[in-house]
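Take a look at the structure set out below.
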Number of protein chains: 2
Amino acid sequence: MPTSKDVARLAGVSQSTVSYVMSGRRPISEETRKRVEDAMAQLAFQPNAGARALASRRSQVIGLAIPFVPDLHMGSIMEFISVIAATARQSDYDILLITDDEGPEGLERVVGQQLVDGLIIMQVAGDDARVPVIRKLPVPSVLIGVPEKRAGLECIDADFELAGTMCVEELARLGHENVILVDWQDTVVTRHVNYVKRFHRGVDKAAAAAGVKVIRTPGRVTIAGMEKAITKALKENTGIPAFIAPEGANQDLLVEALTNLGLVLGKDVSVVVNCPDRLAERQRIPLTTIWMEPDEVSRRAVRMIVRDLTDPQSRPHEDLELIKPVLKRRKSTIRPRSQR
Amino acid sequence: MPTSKDVARLAGVSQSTVSYVMSGRRPISEETRKRVEDAMAQLAFQPNAGARALASRRSQVIGLAIPFVPDLHMGSIMEFISVIAATARQSDYDILLITDDEGPEGLERVVGQQLVDGLIIMQVAGDDARVPVIRKLPVPSVLIGVPEKRAGLECIDADFELAGTMCVEELARLGHENVILVDWQDTVVTRHVNYVKRFHRGVDKAAAAAGVKVIRTPGRVTIAGMEKAITKALKENTGIPAFIAPEGANQDLLVEALTNLGLVLGKDVSVVVNCPDRLAERQRIPLTTIWMEPDEVSRRAVRMIVRDLTDPQSRPHEDLELIKPVLKRRKSTIRPRSQR
DNA sequence: GCGCATCGTCGATGCGCATCGACAAATCGA
DNA sequence: TCGATTTGTCGATGCGCATCGACGATGCGC
């Protein structure tokens with residue numbers, strides 16, 4: 001493997017000049033720059049990451065703590081990871097994975113070894129065990145999710161509370177007097193992932209304000225379970241029912257179950273689900289969606305950590321960014337009065 | 001951050017001794033070892049990864065090339081990644097992500113920078129553009145998947161051909177005379193991912209051997225689509241139909257569609273799907289499964305690359321490991337004669 | 001025409017660790 | 001009993017790069 005010394009020799013300059021060509025931290029004449037760059041190209045030179053990290057004390061690597069989640073919607077996590085990795089590359093950072101298997105010590109390890117310059121922590125729970133660890137670490141971190149005690153931390157997430165509010169307001173605006181909330185699975189709700197709580201708060205607030213009644217039914221993993229849950233909820237309901245399904249995994253099941261029960265979306269029933277446009281549009285009846293913009297959350301997380309790393313001055317003492325969800329009206333919602 | 005020099009000073013030994021305590025490459029007296037280890041613990045010493053990489057010329061990092069897949073079953077990819085990362089840690093390796101966005105050059109970059117000691121390449125297609133690049137790289141790689149030209153490469157994958165054979169043989173053994181293969185989506189089939197081809201080959205071979213007729217219908221993304229496809233396939237079918245659904249994403253849809261059509265699994269129809277035990281068992285009617293053991297594939301991939309790295313002598317010129325799928329008989333398959 | 005700042009380059013140094021050669025002390029075999 | 005190992009430790013060196021101080025060469029104002 002060629003080194004910067006080899007490049008220097010070929011270009012007829014000193015090694016330090018090569019280094020300054022790369023970093024641009026000192027003025028270099030146009031002519032010298034060209035000679036060096038040609039030499040680099042000719043040798044296919046790539047700077048050694050270890051040496052660079054050692055000398056500069058920065059690894060250009062960001063650690064990404066990924067969740068362990070057998071029952072959570074895995075596909076969406078994959079999406080986060082892809083977008084984070086791709087976005088990081090645009091700022092010349094690589095992504096190193098940290099699994100939950102290692103526990104919070106994994107974070108201490110990668111930071112202690114100076115393998116990473118900063119951390120992005122996914123799926124942060126309200127009482128996340130990683131939070132106290134992160135606080136003590138000498139590198140910046142960005143949390144995706146909002147822990148209960150977030151003093152001194154930088155957090156980003158979708159605005160679940162606003163999402164809840166938007167769903168209810170939209171349905172209330174259409175004239176619905178009840179909404180049936182098809183909730184996350186119980187296992188998720190009880191795991192202190194507080195975005196569920198935040199969504200509920202948004203729903204409840206808006207419902208109170210609009211005088212709408214909320215019926216809640218837990219999410220199910222099978223169609224049969226979903227049908228049963230829906231049937232039960234429908235008994236409490238009066239008028240044309242309106243459903244909200246904030247969890248991605250519930251979306252298919254809900255639509256399918258309603259169809260099985262003979263209810264036509266946008267005619268006999270209103271439905272708002274959380275799913276990407278692509279999916280919503282290819283349904284038999286295009287779905288009205290509340291979309292949490294996970295890609296945007298991912299990009300912003302990267303942007304935050306990169307800012308912290310490139311310009312430590314600008315690092316806020318703490319920060320909470322909530323991404324506004326997008327409500328897209330399609331064909332699965334209806335104005336109930338017009339049907340009576 | 002404490003360095004090995006600090007540890008040495010505290011323990012009253014030389015820095016090199018500290019290094020030898022860590023690596024075990026020279027004998028160290030029990031007493032000295034203890035003093036050094038105590039000093040390490042006291043200072044919470046962690047060796048600097050950059051310095052270590054520079055001096056030892058190994059980064060203890062494995063690059064993982066992840067696929068870009070909007071329509072492929074994302075959840076399963078996530079599973080691969082988790083298991084790979086966790087397994088790698090057990091051998092003291094970390095995982096660095098390489099996305100498809102960077103193209104094959106991404107591989108050259110991480111290797112050129114000596115960021116990684118080796119590569120694991122996921123979702124290798126028959127004519128994968130990454131394969132010629134990998135061939136030229138000076139580090140070992142393990143491919144998950146089987147490219148067409150695999151001379152000189154180490155590959156691992158589930159044995160899709162055997163899986164196809166096992167499904168058909170099982171159904172033939174039960175007495176079915178036709179099988180309906182609910183295939184991958186067209187977009188996947190045409191993308192040269194040759195595991196589809198291998199599965200088909202296994203199915204066809206076994207079908208020919210057992211005198212079974214194969215009816216093929218492409219996978220669909222909606223229940224309605226699936227119902228239509230099934231209805232069509234059923235017209236060609238005689239006797240009690242038998243379905244095989246090798247793609248995970250089809251599994252729910254198929255079961256649901258059959259149910260909607262009034263067919264009871266394991267009574268009116270036999271079904272073999274590819275899905276994890278956990279999922280198969282919590283269905284209304286537990287499903288007979290052909291499971292491709294993705295976790296085992298992941299673990300083996302890591303084991304292979306780790307072996308290559310720790311003992312370069314033993315690195316095979318080329319290798320192809322195929323993991324045997326597991327067929328588990330549950331309640332969704334039936335002996336057709338007994339029903340007549 | 002002279003001092004002074006800026007430009008452009010070089011050499012030297014050190015980042016923190018692994019590794020090699022050296023060497024004293026302990027152990028062994030004959 | 002003495003050479004030949006083996007054991008246990010140290011000092012020196014270098015991995016490849018970033019960075020600092022130094023310094024000659026220009027350009028500037030006056």
Side-chain angles (χ1 to χ4, degrees), chain A residues 1-37 39-40 43-61 92 109-117 138 309-310, chain B residues 1-37 39-40 43-61 92 110-115 117 138 309-310:
Chain A
M1 290 269 180
T3 70
S4 60
K5 215 170 169 180
D6 300 327
V7 173
R9 195 176 319 127
L10 183 60
V13 298
S14 74
Q15 180 267 323
S16 58
T17 300
V18 174
S19 183
Y20 286 122
V21 167
M22 290 194 282
S23 68
R25 297 174 92 84
R26 289 242 175 130
I28 297 286
S29 72
E30 206 41 59
E31 195 216 321
T32 311
R33 152 168 291 115
K34 175 124 184 42
R35 281 223 313 287
V36 171
E37 280 169 353
M40 284 178 167
L43 297 175
F45 168 76
Q46 311 232 182
N48 178 296
R52 186 168 249 194
L54 181 57
S56 70
R57 313 174 142 284
R58 359 183 62 241
S59 64
Q60 295 294 113
V61 174
D92 209 34
R109 182 179 63 80
V110 294
V111 171
Q113 294 183 169
Q114 293 166 69
L115 251 174
V116 305
D117 296 335
L309 293 172
T310 46
Chain B
M1 289 268 180
T3 69
S4 60
K5 215 169 168 181
D6 300 327
V7 174
R9 195 175 318 129
L10 182 60
V13 300
S14 75
Q15 179 268 321
S16 59
T17 300
V18 174
S19 183
Y20 285 122
V21 168
M22 290 193 283
S23 69
R25 287 171 161 285
R26 289 241 175 131
I28 298 285
S29 71
E30 206 40 60
E31 195 215 323
T32 309
R33 152 168 291 116
K34 174 125 183 44
R35 281 222 313 285
V36 170
E37 280 168 354
M40 283 178 166
L43 297 175
F45 168 76
Q46 311 232 183
N48 178 295
R52 185 169 250 194
L54 180 58
S56 69
R57 313 173 142 282
R58 353 183 68 240
S59 64
Q60 295 294 115
V61 174
D92 208 35
V110 294
V111 171
Q113 294 183 166
Q114 293 165 70
L115 252 173
D117 296 335
L309 293 172
T310 46

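Throughout, protein chains are lettered first and strands after them, A, B, ... in sequence-line order, and every chain is numbered starting at 1.
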Inset, instruction - If a protein heavy atom is under 4.0 Å from the base, mark B; if only from the sugar-phosphate, S; if neither, -; do that for nucleotides 14-20 of chain C going 5' to 3'. - result: BBBBBBB
Inset, instruction - Answer yes when B:R35 and B:E31 have at least one side-chain N-carboxylate O distance shorter than 4.0 Å, and no when they do not. - result: yes
Inset, instruction - Pick base, sugar-phosphate or nothing for B:S14, based on heavy-atom distances below 4.0 Å to the nucleic acid. - result: base
Legend entry - B:I28 CD1 - D:dC10 C1' separation (whole Å): 11 Å
Inset, instruction - Could you summarise the pairing of DNA chain D as dot-bracket text, marking Watson-Crick and G-U pairs under 3.5 Å with ( ) or [ ] inside the strand and | across strands? - result: ||||||||||||||||||||||||||||||
Legend entry - Straight-line distance of A:D92 CG to A:L309 CG, nearest 0.5 Å: 12.0 Å
Inset, instruction - Would you mind reporting whether A:M22 and A:P47 have side-chain heavy atoms less than 4.5 Å apart? - result: yes
Inset, instruction - List the atom of A:I28, the atom of A:Y20, and the distance in Å for their closest heavy-atom pair. - result: CD1-CB, 3.9 Å
Inset, instruction - Could you tell me whether the side chain of A:S16 reaches within less than 4.5 Å of the side chain of A:R26, counting heavy atoms only? - result: no
Inset, instruction - Would you check, one step at a time, whether the test side chain to side chain contact (heavy atoms under 4.5 Å, CB included) holds for A:V61 with A:L115? - result: CA-CA 7 Å; A:V61 174; A:L115 251 174; over 6 Å; no
Inset, instruction - Looking only at non-hydrogen atoms, find the nearest pair between A:Q60 and A:D117 and report the distance. - result: N-OD2, 2.7 Å
Legend entry - With B:S29 via side chain to side chain donor-acceptor pair (under 3.5 Å) - residues at least two apart: B:T32
